A.B. asks: 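Before I ask anything, let me first share the structure, which is written out below as structure tokens.
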Amino acid sequence: MEKLVIEGGARLSGAVQISGAKNAALPILAATLLTEEKCVITNVPVLRDVQTMIKILRSLGVRVQMQDSRITVCPAEYEGHTAPYRLVSTMRASICVLGPLLAKQAFARVSLPGGCVIGPRPIDLHLKGLSGLGARIKVEHGYIVASGKKLRGGRIYLGGPFGSSVLATANVMMAATLTPGMTIIENAACEPEIVDLADFLVKMGARIRGQETPAIEIEGVKELHGAEHRIINDRIEAGTYILACAITAGEITVKGACIAHLGALIDKLRDAGVVIRNSGDTILVKAGRKLRPVDITTLPFPGFPTDLQAQTMALMCTADGISIITEKIYPERFMHISELNRMGARIMKEGASAIIKGAPELSGALVMASDLRASAGLVLAGLAASGKTDISRIYHLDRGYRQMEEKLSRLGAKIWREKE
Ligand code: EPZ
């Protein structure tokens with residue numbers, strides 16, 4: 001196993017280029033199962049989760065080649081319909097092959113994804129949505145078995161106790177593209193990654209409207225053809241580097257960032273006293289030593305993204321006062337609190353909220369990553385801490401961040417990877 005070692009204290013400066021979005025690439029790769037023609041997907045981030053999705057496509061009999069950030073998928077007449085436990089259990093997002101397989105093969109067998117440290121991760125909305133199209137769904141021996149030769153479009157409400165569901169919206173939207181009739185998804189997710197998926201499906205010949213709104217209309221067509229698509233850049237990666245700049249009182253340029261995807265974060269950081277300007281797809285960030293505390297509530301897009309919660313908590317550990325962070329998406333997504341407290345933070349969990357008292361400074365320590373975004377939060381804390389921080393189990397980080405230590409080193413951070 002590997003660890004990251006960080007010598008804290010350096011103020012970041014320079015420019016960083018944002019890569020393609022993991023959470024757009026995964027459903028878009030799954031969507032290639034809807035056609036028998038070649039698809040070329042570019043600007044794909046080279047990440048562990050993308051490799052896992054490629055393995056799932058190959059296990060279904062689909063030919064996939066990856067060259068740098070370009071993936072060529074040749075579904076041809078693939079026969080497979082089962083996504084195996086050994087792969088799905090390593091990446092929950094594998095669930096998004098369910099909709100395409102059902103629509104294309106009229107049968108799908110996908111392992112139940114299981115939970116993870118950020119929460120139970122139910123899939124009831126996925127199953128409700130596909131049942132709404134007429135699929136017969138049963139769960140047996142740890143697998144979802146979905147079948148339906150005569151799917152019909154319909155009106156499907158996808159709101160759950162925590163709002164909309166990103167991947168349930170993706171699954172139903174993908175299945176509906178080949179389902180005869182009109183499907184209307186109500187309380188659909190509006191995340192940019194859903195819009196990017198819809199854009200790819202439209203290039204394949206799908207008939208979709210309203211993909212930026214909570215009401216998405218899909219008129220089923222007989223078949224979809226191959227297409228070429230460039231994945232949007234990763235708003236969570238961009239937000240992570242903006243926060244890294246802020247926590248080190250640095251001044252950086254973030255290239256390839258879409259300001260429209262980061263409204264909630266930028267609004268809060270400006271309240272905290274960070275200077276943020278943008279021109280085109282470049283965001284300029286400048287921060288002083290002591291920031292003001294802010295209160296955050298995570299919500300579905302365009303609300304504050306839960307995937308930036310841990311990184312923002314790290315920043316608030318160094319703010320000049322008390323902040324409150326409330327998780328409305330994953331109420332248990334606080335594994336990073338105990339690790340940040342080992343670094344001198346003063347955080348108390350109260351139900352689905354965390355109360356953070358800004359500390360004069362954080363101190364380097366041995367800490368352990370627990371999930372993808374918590375790992376990123378620990379890296380940011382290490383950048384600001386005095387002394388050395390060792391972060392173990394950074395395979396979590398590699399799932400969603402390509403070459404993070406290289407990008408941070410180029411910004412002046414003292415960070416390197418070592419064998420544990
Ligand atoms: C996507 O996960 C992202 N993953 C997550 O990013 C992100 O945190 C999440 O959306 C919320 O924005 C990918 O896109 C691959 P949800 P997803 O279904 O679609 C509840 C990262 O770090 N829910 O929108 O699985 C669920 O428990 C990852 O990159 C149900 O109740 O999340 C949660 O509370 C982590 N029933 C809320 O909805 C369901 O059937 C939102 O979950 C499905 C979800």
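Please read all numbers here as calculations on a predicted model, not as lab measurements. Remember, it's 1-based here, ligands and their atoms both numbered in the order they're listed.
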A.B. asks: Would the distance check show the side chain of Glu327 and the main-chain N or O of Ser353 forming a donor-acceptor pair, the cut-off being under 3.5 Å?
C.D. replies: no
A.B. asks: Taking 4.0 Å as the limit for heavy-atom contacts, which would you say applies to Leu125 with ligand 1: side chain only, backbone only, both, or neither?
C.D. replies: both
A.B. asks: Against ligand 1, does Lys128 come closer than 4.0 Å with any heavy atom?
C.D. replies: no
A.B. asks: Which ligand 1 atoms are under 4.0 Å away from a heavy-atom of His126?
C.D. replies: 40 (O)
A.B. asks: I'd like to check whether Glu191 has a polar contact with ligand 1, where a contact means an N/O of the residue lying under 3.5 Å from an N/O of the ligand.
C.D. replies: no
A.B. asks: May I ask you to decide whether Asp398 forms a salt bridge with Arg417, counting only side-chain N to carboxylate O separations under 4.0 Å?
C.D. replies: yes
A.B. asks: Describe, in one word, how the ring planes of Phe107 and His81 are oriented to each other, choosing from parallel (under 30°), tilted (30 to 60°) and perpendicular (over 60°).
C.D. replies: perpendicular
A.B. asks: Between Ile329 and ligand 1, is there a nitrogen or oxygen pair with a distance under 3.5 Å?
C.D. replies: yes
A.B. asks: In the protein, what heavy atom is nearest to atom 9 (C) of ligand 1, and what distance, to one decimal place, separates them?
C.D. replies: Tyr330 OH, 3.5 Å
A.B. asks: May I ask you to identify the nearest protein heavy atom to atom 15 (C) of ligand 1, giving residue, atom name and distance to one decimal place in Å?
C.D. replies: Asn23 OD1, 3.3 Å
A.B. asks: Mind checking whether Glu193 contacts ligand 1 via backbone (N, CA, C, O), side chain (CB onward), both or neither, at a 4.0 Å heavy-atom cut-off?
C.D. replies: neither
A.B. asks: Ala93 versus ligand 1: do any nitrogen or oxygen atoms come within less than 3.5 Å of each other?
C.D. replies: no
A.B. asks: Among all protein heavy atoms in this structure, tell me which lies nearest to atom 36 (N) of ligand 1, with the distance rounded to 0.1 Å.
C.D. replies: Asp124 OD1, 2.7 Å
A.B. asks: So Met368 and Glu339, do their side chains get closer than 4.5 Å, heavy atoms only?
C.D. replies: yes
A.B. asks: Quick one: pull up NZ in Lys255 and CD in Gln17 and give me the separation to the nearest 0.5 Å.
C.D. replies: 7.0 Å
A.B. asks: Can you report which non-hydrogen protein atom sits closest to atom 22 (O) of ligand 1, along with the distance?
C.D. replies: Arg373 NE, 2.9 Å
A.B. asks: Does Leu29 reach the side chain of Leu57, with side-chain heavy atoms less than 4.5 Å apart?
C.D. replies: yes
A.B. asks: Output yes when a side-chain donor or acceptor of Asp295 lies under 3.5 Å from a complementary backbone atom of Ile324, and no otherwise.
C.D. replies: yes
A.B. asks: Look at Lys203 together with Glu228 and state whether they make a salt bridge at an N to O cut-off of under 4.0 Å.
C.D. replies: no
A.B. asks: Find all atoms of ligand 1 within a distance of less than 4.0 Å from any non-hydrogen atom belonging to Lys22, and give their numbers and elements.
C.D. replies: 21 (C), 29 (O)
A.B. asks: Heavy-atom contact check, 4.0 Å cutoff: does His396 meet ligand 1?
C.D. replies: no
A.B. asks: Report the part of Met53 in contact with ligand 1, treating N, CA, C, O as backbone and CB onward as side chain, heavy atoms under 4.0 Å; options are side chain, backbone, both, neither.
C.D. replies: neither
A.B. asks: Which atoms of ligand 1 are found less than 4.0 Å from any heavy atom of Arg333?
C.D. replies: 8 (O), 22 (O), 35 (C)
A.B. asks: So which bit of Leu167 gets within less than 4.0 Å of ligand 1, heavy atoms only: side chain, backbone, both or neither?
C.D. replies: both
A.B. asks: Can you tell me which residue and heavy atom of the protein come closest to atom 11 (C) of ligand 1, and the distance to 0.1 Å?
C.D. replies: Thr306 CG2, 3.9 Å
A.B. asks: What protein heavy atom lies closest to atom 39 (C) of ligand 1? Include the residue and the distance to one decimal.
C.D. replies: Pro122 O, 3.2 Å
A.B. asks: Using the salt bridge (charged side-chain N to carboxylate O under 4.0 Å, His left out) criterion, which residues pair with Arg109? Sequence neighbours excluded.
C.D. replies: none
A.B. asks: Within the distance-only criterion (no hydrogens, no angle test), does the side chain of Arg270 pair as donor or acceptor with the backbone N or O of Ile276 below 3.5 angstrom?
C.D. replies: yes
A.B. asks: Would the distance check show the side chain of Lys268 and the main-chain N or O of Val294 forming a donor-acceptor pair, the cut-off being under 3.5 Å?
C.D. replies: no
A.B. asks: Below 4.0 angstrom, N of the basic side chain to O of the carboxylate: do Glu420 and Arg393 qualify?
C.D. replies: no
A.B. asks: Checking the side chain of Lys328 only, and the main-chain atoms of Gly163 only, is there a donor and an acceptor separated by less than 3.5 Å?
C.D. replies: no
A.B. asks: Got an N/O contact under 3.5 Å between Asp307 and ligand 1?
C.D. replies: yes
A.B. asks: What protein heavy atom lies closest to atom 24 (O) of ligand 1? Include the residue and the distance to one decimal.
C.D. replies: Val166 N, 2.8 Å
A.B. asks: Say whether Gly400 and ligand 1 are in contact under the criterion: heavy-atom distance to a ligand atom below 4.0 Å.
C.D. replies: no
A.B. asks: For ligand 1, which atoms have a heavy atom of Ile123 less than 4.0 angstrom away?
C.D. replies: 39 (C), 40 (O)
A.B. asks: Cut-off 3.5 Å, side chains only: do Asp371 and His396 have a donor facing an acceptor?
C.D. replies: no
A.B. asks: Just to confirm my output: which protein heavy-atom neighbour is closest to atom 20 (C) of ligand 1, and how far is it?
C.D. replies: Phe162 CD1, 4.2 Å
A.B. asks: Return the option from Ser165, Ala310, Ala189 holding the heavy atom at the smallest distance from atom 18 (O) of ligand 1.
C.D. replies: Ser165
